[in-house]
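Note that the coordinates shown come from a computational prediction; the quantities given were computed from them, not determined experimentally. Reminder, nothing fancy here: chain letters follow the sequence lines and each chain counts from 1.
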Protein chains: 2
Amino acid sequence: MATSPVERVEKRTRLSTAAEAWILMHRIHWAEKPRFMAIGQEFDLAPQQGMALRALHEPRPMGELAKFLACDNSNVTGIVDRLEERGLVERRPAEHDRRVKLIVLTEEGHRVRREIERRITEPPRAIAELSKQDQLALRDILRRALANEPR
Amino acid sequence: MATSPVERVEKRTRLSTAAEAWILMHRIHWAEKPRFMAIGQEFDLAPQQGMALRALHEPRPMGELAKFLACDNSNVTGIVDRLEERGLVERRPAEHDRRVKLIVLTEEGHRVRREIERRITEPPRAIAELSKQDQLALRDILRRALANEPR
DNA sequence: TATTGTTATACTCTATAACTATA
DNA sequence: TATAGTTATAGAGTATAACAATA
């Protein structure tokens with residue numbers, strides 16, 4: 001069978017340097033997914049529950065948590081419900097606006113959060129095994145990159 | 001209230017260079033989640049459906065797809081069902097082992113996959129706005145990092 | 001009127017366990 | 001017996017729309 005029109009289009013233009021760097025970063029990150037999930041399971045936390053915990057080093061209103069989790073406001077209700085049932089967070093009414101509810105970590109919540117944070121922070125082999133020089137250069141470049149982020 | 005035992009532990013040891021680089025990378029990647037989801041929604045694809053499509057530049061058996069998606073084998077059945085209903089993939093029996101089913105992209109599947117790939121490949125501002133020199137250094141370091149990955 | 005958070009709904013993804021058809 | 005894929009089930013996350021309380 002001759003090359004189809006679809007296959008001909010397949011030959012894409014070469015990646016820019018930035019695009020290649022981005023895709024490599026994406027690949028390294030994706031490879032860590034099983035580890036992330038395993039960490040959550042150790043604490044019997046679903047992925048978004050773990051992420052919510054991570055976001056709560058300071059008390060936050062539901063809406064802010066929704067933005068952090070990149071999901072709809074209505075989903076946060078259930079996620080916080082489950083964390084609350086396990087005694088990891090509390091809903092606390094805000095003084096300035098009685099519509100707002102602040103989500104606050106309990107002591108147990110703080111404990112679990114710190115442990116998760118410690119585990120996730122461990123760099124993957126891909127990065128840990130880079131030369132010291134590469135690690136420093138990588139860190140500095142990424143610091144500059146993050147300064148470019150909208151916020 | 002005096003500093004609780006829990007709060008005292010909060011003061012964590014400083015991050016290693018590798019750990020800081022990893023966390024910065026994690027943060028840049030996480031910031032792209034809304035964009036990833038928006039791309040999926042444009043094509044009316046749930047996240048894992050999009051990821052499955054991306055993995056199928058070559059035909060793969062169900063089990064291999066499960067590994068790539070970092071989920072149980074049984075989930076892939078439903079994901080492939082939905083892609084098949086939309087005419088994006090086909091199940092094809094493997095010749096060498098009649099238990100195995102190869103998942104193959106249709107022409108439409110190839111078309112959608114290429115478009116998604118193109119969109120995801122676009123680097124985020126954080127990286128695109130780095131100096132050319134930083135971009136090159138970042139790419140080279142990440143290439144070396146990926147060579148450290150198990151596979 | 002607008003906003004914060006909740007509820008109801010329907011769909012997707014998830015792991016586990018039991019099943020089938022092959023090997 | 002072991003493996004590839006499916007089905008059944010129950011729980012979690014998802015967006016949408018309608019709602020209550022408050023601003």
* Starting at CG of B:Leu69 and ending at C1' of C:dT12, how long is that distance when rounded to a whole Å? ->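 Rounded to the whole Å, the gap is 13 Å.
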* What is the distance, rounded to the nearest whole Å, between atom CD1 of B:Ile79 and atom P of D:dT14? ->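 The distance from CD1 of B:Ile79 to P of D:dT14 comes to 15 Å, rounded to the nearest Å.
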* Asked: Tell me, which stems hold DNA chain C, with a stem being 3 or more Watson-Crick or G-U pairs in a row and both distances under 3.5 Å?
  ->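 As far as DNA chain C goes, consecutive pairing (with distances under 3.5 Å) yields the stems C:1-23 with D:1-23.
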* What distance separates A:Ile120 CD1 from A:Glu115 CD, expressed to the nearest 0.5 Å? ->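 If we round to the nearest 0.5 Å, A:Ile120:CD1 and A:Glu115:CD are 11.0 Å apart.
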* In chain order, what residues pass the salt bridge (Lys or Arg N to Asp or Glu O under 4.0 Å) check against A:Arg82, with sequence neighbours excluded? ->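 Not a single residue meets the salt bridge (Lys or Arg N to Asp or Glu O under 4.0 Å) criterion with A:Arg82.
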* Set of residues satisfying salt bridge (Lys or Arg N to Asp or Glu O under 4.0 Å) with respect to B:Arg99, sequence neighbours excluded ->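 Once residues adjacent in sequence are excluded, the partners of B:Arg99 under the salt bridge (Lys or Arg N to Asp or Glu O under 4.0 Å) criterion are B:Asp97.
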* Counting only non-hydrogen atoms, which of residues 29-49 of chain B are less than 4.0 Å from DNA chain C? ->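 The stretch gives B:Ala46, B:Gln48, B:Gln49 as the residues lying under 4.0 Å from the strand, ordered by number.
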* Taking 4.0 angstrom as the limit, do A:Glu108 and A:Arg86 come out as a salt bridge? ->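 Looking at A:Arg86 together with A:Glu108, the answer is no, because their closest N to O distance does not fall below 4.0 Å.
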* **Ion pair check, B:Arg114 and B:Glu117, cut-off under 4.0 Å** =>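 Result for this pair is no, no salt bridge flagged.
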Any side-chain heavy-atom pair from [X] and [Y] closer than 4.5 angstrom?
X	Y	answer
B:Phe68	B:Met51	yes
A:Ile103	A:Val76	no
A:Leu138	B:Met25	yes

* Would you give a per-nucleotide map of nucleotides 3-10 of chain C, 5' to 3', where B means the base has a protein non-hydrogen atom under 4.0 Å away, S means only the sugar-phosphate does, and - means neither? => BSSBB---
* To do: Have a look at B:Val89 and tell me which of B:Leu65, B:Leu102, B:Leu83 forms a side chain to side chain contact (heavy atoms under 4.5 Å, CB included) with it.
  =>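 By the side chain to side chain contact (heavy atoms under 4.5 Å, CB included) criterion, B:Val89 pairs with just one of B:Leu65, B:Leu102, B:Leu83: B:Leu83.
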* What residue pairs, at least two apart or across chains, pass side chain to side chain donor-acceptor pair (under 3.5 Å) with a residue in residues 42-51 of chain B? ->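 Pairs touching residues 42-51 of chain B that pass the test: B:Glu42-B:Arg119.
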* To do: Between A:Arg82 and A:His96, name the one whose nearest nucleotide on DNA chain D is closer to the 5' end.
  =>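 Upstream on the strand: A:Arg82.
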